[in-house]
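Chain identifiers are assigned alphabetically (A, B, ...) following the order of the sequence lines, protein sequences preceding nucleic acid strands; residue numbering begins at 1 within each chain. No hydrogens, no waters, no symmetry mates; every other heavy atom, side chains included, goes into these values.
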There are 2 protein chains.
Amino acid sequence: MEYFSRVSPGKKQESLRVKMGSFENKMGQAGDSQQEAFRQRCRSAGLRITPQREAIFQALTGSVEHPTVDTVYQEVRRLMPHISFDTVNRTLNTLCEIGAAFVVPGTDNVRRFDGNLSDHQHFRCIKCKRIVDFHHGPFDNVPVPDVLAGRFIVMRKTVCLEGFCDQCTTNPMDNVTQTTSGNR
Amino acid sequence: MEYFSRVSPGKKQESLRVKMGSFENKMGQAGDSQQEAFRQRCRSAGLRITPQREAIFQALTGSVEHPTVDTVYQEVRRLMPHISFDTVNRTLNTLCEIGAAFVVPGTDNVRRFDGNLSDHQHFRCIKCKRIVDFHHGPFDNVPVPDVLAGRFIVMRKTVCLEGFCDQCTTNPMDNVTQTTSGNR
DNA sequence: TTCATTTTTAGTAATTATTCCTATATAGTA
DNA sequence: TACTATATAGGAATAATTACTAAAAATGAA
Ligand SMILES: [Mn+2]
Ligand SMILES: [Mn+2]
Ligand SMILES: [Zn+2]
Ligand SMILES: [Zn+2]
């Protein structure tokens, strides 16, 4: 049986990546190898490498915003004005299926995607709806509880944090619902 | 700084509640006190106690299925044939706002509600879409990472597990998408 | 209890997110 | 280059959620 403890075995380097610009590539070099890794992943999955797929993947990984389908669509059409929304939506689903991306778990009704496969976690701001990446080593491999082990196959373990982000901590209860009054 | 550890300080009683019947009350006695607690919560929030609110809350807490709005609607209309879908939807949102219920975090596009406020966690089956309750003590109070502490206000910490449930572990990759091919 | 005030509901329309359909275009291969 | 299975574009359809408003019901004061 495995538990959370409060021991502190030496400083771990933890990172908090806050957004800086929306859709800039993080690094030129890294972007290229990442793109090649993506092409290889497509080949392994028996999928064709199309300009649309590459552009969509690049838009996704070039953003730290955890964009919605529509946001990716708006970005990609700047380079490919004729791309259709459906292609973006379908491709993002495909990326998730082949493990090149995933949907960030949450309680909203708009799916938000992440193409960053490195170990990290998310903080969702319930006010501005921002999803902030952070990394806390102990969250990378949360142990599977005994009650589930054996009978259940756990494919993904996620620690989800919600609350008010650093930009919203002044007057947190003010205008909690930024967009609409309800949920969608 | 706080970490997950692998120590096992004596057996903790862990429970795994699998669904048995859909909308039966878990206990007659518990149901009554629960209902009174709900009425008190409404009063504290300045909300009126209406038959609809009580029925909706009862339908929610009387189920272990983490029902969708529509499922609650179908159940409540058996007793209140004239209730509208909108009332159910709006009321479920209200229950979440006053802390009498919450939306189970996930990556699907249908919101699923939970009126069980006792400490527990969820396993989401990606095949049959079932949400299974379980309880693993160490998950109840996941420590807030240092990178967030201070600048971020963490309101909710959730450990989300996904995979194949006990009923779906035979041929897990068979027919992964039970309902549609996509997501909604 | 009665009345005036406030809140909620029912029914329906509107909005938003996502998926489906299908003719055309294209990537990968021989 | 030609062939063929797969992918795309464009638009229509479906599904989930929310908005609107007249009518009904609850609340609190008289
Ligand atoms: Mn991320
Ligand atoms: Mn639950
Ligand atoms: Zn915020
Ligand atoms: Zn299952």
[atom1] of [X] versus [atom2] of [N]: gap in Å, rounded?
X	N	atom1	atom2	value
Asn109(A)	dT16(C)	CG	C1'	9 Å
Arg53(A)	dA9(D)	CZ	C1'	15 Å
Glu54(A)	dT8(D)	CD	P	12 Å
Gln74(B)	dA16(D)	CD	P	12 Å
Tyr73(A)	dT16(C)	OH	C1'	15 Å
Gln52(A)	dA25(C)	CD	P	13 Å
Arg39(B)	dA26(D)	CZ	P	14 Å
Arg111(A)	dT17(D)	CZ	C1'	16 Å

Quick one: list whatever passes side chain to side chain donor-acceptor pair (under 3.5 Å) with [X], sequence neighbours left out.
X	answer
Arg156(B)	none
Gln121(B)	Asp140(B)
Thr87(B)	Ser84(B), Arg90(B)

By salt bridge (Lys or Arg N to Asp or Glu O under 4.0 Å), which residues pair with Asp114(B), not counting sequence neighbours?
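Asp114(B) satisfies salt bridge (Lys or Arg N to Asp or Glu O under 4.0 Å) with no residue once adjacent residues are dropped.
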
Nearest to the Pro51(A) side chain among dT18(C), dA27(C), dT8(D), which nucleotide is it?
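Out of dT18(C), dA27(C), dT8(D), the nucleotide with an atom closest to Pro51(A)'s side chain is dA27(C).
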
Steps toward side-chain contact (heavy atoms from CB on, under 4.5 Å) verdict (Lys129(B), Arg112(B)):
CA-CA 11 Å; Lys129(B) 305 295 181 190; Arg112(B) 298 186 58 173; 4.2 Å; yes

If we check side chain to side chain contact (heavy atoms under 4.5 Å, CB included) with Val72(A), which of these qualifies: Val76(A), Val69(A), Asp70(A)?
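Going through the options one by one, the only one that passes is Val76(A).
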
May I ask you to list the residues of residues 80-91 of chain A, by number, that have any heavy atom positioned under 4.0 Å from an atom of DNA chain C?
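Hits under 4.0 Å, by residue number: Phe85(A), Asp86(A), Asn89(A).
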
Can you list everything that forms a side chain to side chain contact (heavy atoms under 4.5 Å, CB included) with Ala100(B)? Sequence neighbours excluded, please.
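Per chain and number, Ala100(B) pairs via side chain to side chain contact (heavy atoms under 4.5 Å, CB included) with Phe38(B), Arg41(B), Phe57(B), Leu95(B), Ile98(B).
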
Qualifying residues under ring pair (Phe, Tyr, Trp, His ring centres under 6.0 Å), relative to Phe123(A), sequence neighbours excluded:
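For Phe123(A), the residues satisfying ring pair (Phe, Tyr, Trp, His ring centres under 6.0 Å) (neighbours in sequence not counted) are Phe152(B).
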
Enumerate the protein-to-nucleotides 28-30 of chain C contacts in which both atoms are nitrogen or oxygen and the separation is below 3.5 Å.
unit_1	atom_1	unit_2	atom_2	d
dG28(C)	OP1	Ile49(A)	N	3.0

Sequence neighbours left out, cut at 3.5 Å: what donor-acceptor pairs do the side chains of residues 42-51 of chain A make with other protein atoms?
unit_1	atom_1	unit_2	atom_2	d
Arg43(A)	NH1	Gln40(A)	OE1	2.9
Ser44(A)	OG	Gln40(A)	O	2.9
Thr50(A)	OG1	Arg53(A)	N	3.0

